[in-house]
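Okay, so here's the structure we're looking at.
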Amino acid sequence: LHITGQIWTACALIMMVMVPVLMSIIYDSPLDWKLFFGGVGLLIYYLPVSIGEVFTYSYLLGVNGTYLAFVTGNLSNLKVPCVINAVNIVGTIVGTEEHEIACTISIAVSSIVNMLIIGIGVLCLSLSGLAEFLQSDKARFLTPAFGSVAFALFGALGGKYLVKYPKIALVPFIIMAVASVGLNLLGKPGLAQPGYFLFVGVILCFVFALVFFKKAEKKNKTAVATAAAEQDIARG
């Protein structure tokens with residue numbers, strides 16, 4: 001699975017890179033290297049988010065799902081919510097073949113539907129005057145809605161886990177909420193990005209889960225030791 005995924009990922013990357021290369025050749029437009037290296041500075045912002053997404057989502061998406069999702073993109077807004085919904089419906093366990101199949105099918109279907117919706121949307125925009133309206137100042141009131149999609153999706157999906165596992169999720173949720181509000185009040189909304197907070201939230205939840213697991217394990221060992229001592233006393 002990894003060999004196949006790596007081969008097709010390499011093919012997809014080559015195809016993506018060849019699009020601007022071919023456009024440059026066809027229109028005889030040489031590459032502006034100054035602008036190119038200026039754009040490399042964006043890696044400072046996107047690279048931590050991208051690395052965080054790999055460590056955050058790969059365990060949930062499975063092998064096939066990871067390669068397919070990262071090639072097609074839009075994980076936070078589309079792929080991950082679809083996978084979470086699918087595995088909750090079928091009740092699969094992470095690491096099993098059933099989970100792998102459920103993740104692959106849900107990501108593949110969401111990718112196909114996404115392309116169809118985008119195609120229909122582009123067609124409608126090209127045939128109507130909606131594109132001009134969205135680019136005008138009259139559509140500024142829609143800007144906050146586009147920036148809240150990821151928060152709305154993960155808020156709806158994460159709400160039930162917050163209720164189901166309050167000891168693990170409540171404190172990380174409060175920490176991230178306070179940090180998000182604080183960064184916005186300090187005038188640094190760029191740091192309050194969903195990619196950063198998802199990664200930080202997963203780490204915090206993992207730490208709290210590990211702490212509670214260790215406490216439960218210690219409590220169980222104490223209970224077993226107590227029961228064994230009581231049995232020895234009863235036998236003696």
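Not measured: the values here are computed from a predicted model.
Looking at every heavy atom in both residues, Gly5 comes nearest to Thr9 through O-OG1, 2.6 Å. Heavy-atom minimum distance, Ala69 versus Leu61: CB-CD1, 3.9 Å.
Checked by atom type and distance alone, the side chain of Thr4 never pairs as donor or acceptor with a backbone atom of Leu1 at under 3.5 Å.
Thr72 is listed as a side-chain neighbour of Lys79, based on a closest heavy-atom distance under 4.5 Å.
Within the structure, the ring pair (Phe, Tyr, Trp, His ring centres under 6.0 Å) test picks out the following pairs touching residues 60-83 (sequence neighbours left out): His2-Tyr67.
Taking Ile, Leu, Val, Met, Phe, Trp and Tyr as hydrophobic and joining them when side-chain heavy atoms fall under 4.5 Å apart, one finds Ile3 in a cluster with Ile7.
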Sequence neighbours left out, cut at 3.5 Å: what donor-acceptor pairs do the side chains of residues 16-35 make with other protein atoms?
unit_1 : atom_1 : unit_2 : atom_2 : d
Ser24  : OG     : Ser29  : O      : 2.3
Asp32  : OD1    : Lys34  : N      : 3.3
Asp32  : OD1    : Leu35  : N      : 3.4

Under 3.5 Å, side-chain donor or acceptor atoms of residues 202-217 against the rest of the protein: list the pairs with distances, not counting sequence neighbours.
none

Can I get a per-line list of side-chain donor-acceptor pairs under 3.5 Å for residues 99-112, giving both atom names and the distance, sequence neighbours left out?
unit_1 : atom_1 : unit_2 : atom_2 : d
His99  : ND1    : Thr92  : OG1    : 3.0
His99  : NE2    : Leu60  : O      : 2.7
Glu100 : OE1    : Val63  : N      : 3.1
Glu100 : OE2    : Val63  : N      : 3.0
Glu100 : OE2    : Asn64  : N      : 2.6
Thr104 : OG1    : Glu100 : O      : 2.8
Ser106 : OG     : Ala102 : O      : 3.0
Ser106 : OG     : Cys103 : O      : 2.9
Ser110 : OG     : Ser106 : O      : 3.2
Ser110 : OG     : Ile107 : O      : 2.8
Ser111 : OG     : Ile107 : O      : 2.8

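One hydrophobic cluster, built from ILVMFWY side chains closer than 4.5 Å, cannot hold both Trp8 and Leu13; they sit in different ones. Criterion: ILVMFWY side-chain heavy atoms under 4.5 Å apart, direct or through other members. Under it, Val181 and Leu183 are not part of a common hydrophobic cluster.
For the atom pair Asn74 CG and Ile118 CD1, the distance stands at 7.5 Å (nearest 0.5 Å).
Residues satisfying the side-chain contact (heavy atoms from CB on, under 4.5 Å) test with Tyr59, not counting sequence neighbours, are Val94. Residues passing the side-chain contact (heavy atoms from CB on, under 4.5 Å) test with Leu186: none are found, sequence neighbours excluded.
More than 12 heavy atoms of other residues, nucleotides or ligands sit less than 6.0 Å from atom CG of Leu123.
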